[in-house]
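Only heavy atoms go into these numbers, but all of them, side chains included; no hydrogens, no water, no symmetry mates. Quantities reported herein were computed from a predicted structural model and do not represent experimental measurements.
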Amino acid sequence: MAPASRWVEDRPGFFRLTVAATNCYLVTTADGVTLIDGGLPATGGPLDDLLRHLGLTRRNIDALILTHGHFDHVGLARALSAEGVPVHVHPGDHRLARHPYSYRPAVARVPYLIGHPGGLPFIGRMAVAGALAVRGVDADHAMRDGETVDVPGRPTVLHTPGHTGGHCALLFASNDVLVSGDALVTLDPYTGVSGPQIVADAATADAAASLRSLGVLEQTDATVVLPGHGEPWTRGIATAVQRARIVGRH
């Protein structure tokens with residue numbers, strides 16, 4: 001995607017908003033609108049632009065689903081909740097969504113970035129986009145593994161722990177679309193490296209669990225993968241998982 005003020009429709013009804021290499025997705029159906037992830041605070045402008053394009057406002061968003069509670073996915077959650085948008089998250093990340101900086105990655109972030117300078121520009125852009133000033137949110141609904149969430153699009157919840165304890169991917173089976181969140185990305189902002197992979201140890205709680213969770217994604221057999229960071233993957237989840245396993249922990 002180009003500038004931060006732009007959005008793109010990756011698949012009919014699936015609109016991707018990208019700010020500072022962080023994606024969130026507005027899913028539109030005949031039944032209404034679901035936002036997946038809250039991005040960063042600066043995502044608000046592109047979101048409002050897209051909603052205006054669709055003849056909508058934030059109050060027309062029927063639900064916000066968080067794949068997980070990290071600060072770069074919770075950015076707009078508090079503001080949307082204040083406007084009456086119900087927030088859904090897995091119980092394992094309920095506390096993290098409330099306190100989006102209260103987690104300990106597998107390795108210390110600053111030394112990791114010094115050793116992987118390719119990630120510094122991306123982390124810098126996140127900071128400019130408000131990553132250091134995200135306020136948490138109290139989720140309204142707890143979503144469970146295997147549940148079909150009763151929101152527009154009716155995604156199936158896939159608990160994929162590792163990046164966080166309560167991380168979930170979302171399968172839109174009738175659209176053959178898997179929103180993978182940070183369980184599988186095509187750009188790691190902590191290294192600057194592109195291609196299917198799990199997220200670096202500097203932002204992941206349990207890399208071994210993340211690698212195991214790739215098997216959950218693989219079982220969906222989805223053709224289109226919409227990740228939390230990076231471009232969509234359209235060559236099937238099996239190929240993406242295979243490549244992520246080759247990259248492995250990093």
Side-chain angles (χ1 to χ4, degrees), residues 1 8 10-11 13-18 21-27 34-39 64-70 72-74 88-90 92-93 143 145-149 151 153-191 193-200 203-250:
M1 178 181 279
V8 64
D10 289 316
R11 282 291 182 272
F14 287 79
F15 295 87
R16 172 168 47 101
L17 302 110
T18 304
T22 301
N23 301 328
C24 57
Y25 298 93
L26 192 74
V27 180
T34 297
L35 180 64
I36 301 176
D37 282 335
L64 168 61
I65 296 179
L66 301 177
T67 60
H68 61 297
H70 279 169
D72 55 331
H73 295 261
V74 176
H88 301 247
V89 72
H90 187 277
D93 267 23
M143 58 187 192
D145 184 39
E147 172 190 1
T148 298
V149 189
V151 300
R154 296 184 59 79
T156 300
V157 177
L158 305 172
H159 186 211
T160 46
H163 185 63
T164 68
H167 188 286
C168 291
L170 299 160
L171 176 64
F172 293 82
S174 62
N175 304 95
D176 199 18
V177 169
L178 174 66
V179 179
S180 60
D182 284 6
L184 184 145
V185 297
T186 58
L187 169 69
D188 189 339
Y190 286 85
T191 64
V193 175
S194 297
Q197 59 197 293
I198 64 170
V199 176
T204 291
D206 186 338
S210 287
L211 290 170
R212 290 194 297 271
S213 286
L214 291 174
V216 176
L217 302 180
E218 190 174 30
Q219 290 174 10
T220 68
D221 201 31
T223 300
V224 178
V225 183
L226 303 180
H229 302 276
E231 295 291 315
W233 180 265
T234 59
R235 286 175 273 174
I237 185 61
T239 303
V241 165
Q242 180 183 37
R243 296 193 180 195
R245 285 176 174 146
I246 291 171
V247 174
R249 178 177 181 174
H250 54 280

- Query: Only one of His250, His163, Arg245 forms a side-chain contact (heavy atoms from CB on, under 4.5 Å) with Ile198, so which one is it?
  - Reply: His250
- Aromatic ring pairing His73/His68, orientation class (parallel under 30°, perpendicular over 60°, tilted between): tilted
- Query: Backbone N or O of Val193 within a donor-acceptor pair of the Asp188 side chain at under 3.5 Å?
  - Reply: no
- Is Thr22 reaching over with its side chain to a backbone N or O of Gly39, donor-acceptor style, under 3.5 angstrom? no
- Query: Under 4.5 Å between any side-chain heavy atoms of Leu226 and Arg16, yes or no?
  - Reply: no
- Query: Between Ser213 (side chain) and Pro161 (backbone), is there a donor-acceptor pair under 3.5 Å?
  - Reply: yes
- Item | His167 backbone acceptor or donor facing Thr164 side chain under 3.5 Å | yes
- Task: For residues Leu66 and Asp93, determine if any side-chain heavy atom of one lies less than 4.5 Å from a side-chain heavy atom of the other.
- Result: no
- Is any side-chain heavy atom of Ile65 closer than 4.5 Å to a side-chain heavy atom of Leu170? yes
- Message: Quick check: do Leu178 and Leu184 have side-chain heavy atoms less than 4.5 Å from each other?
- Response: no
- Any side-chain heavy-atom pair from Arg11 and Phe172 closer than 4.5 angstrom? no
- Taking all atoms of both residues into account, what is the closest heavy-atom pair of Ala169 and Ser180, and its distance? CB-CA, 4.0 Å
- Message: Any side-chain to backbone donor/acceptor pair from Asp37 onto Thr67? Under 3.5 Å, distance only.
- Response: yes
- Task: Check for a donor-acceptor pair, side chain of Tyr25 on one end and backbone N or O of Thr34 on the other, with a separation under 3.5 Å.
- Result: no
- Message: Just to verify, which of Thr18, Asp72, Asn23 counts as forming a side-chain hydrogen bond (donor to acceptor under 3.5 Å, both in side chains) with His229?
- Response: Asp72
- Val179 side chain near Pro155 side chain, heavy-atom distance below 4.5 Å: no
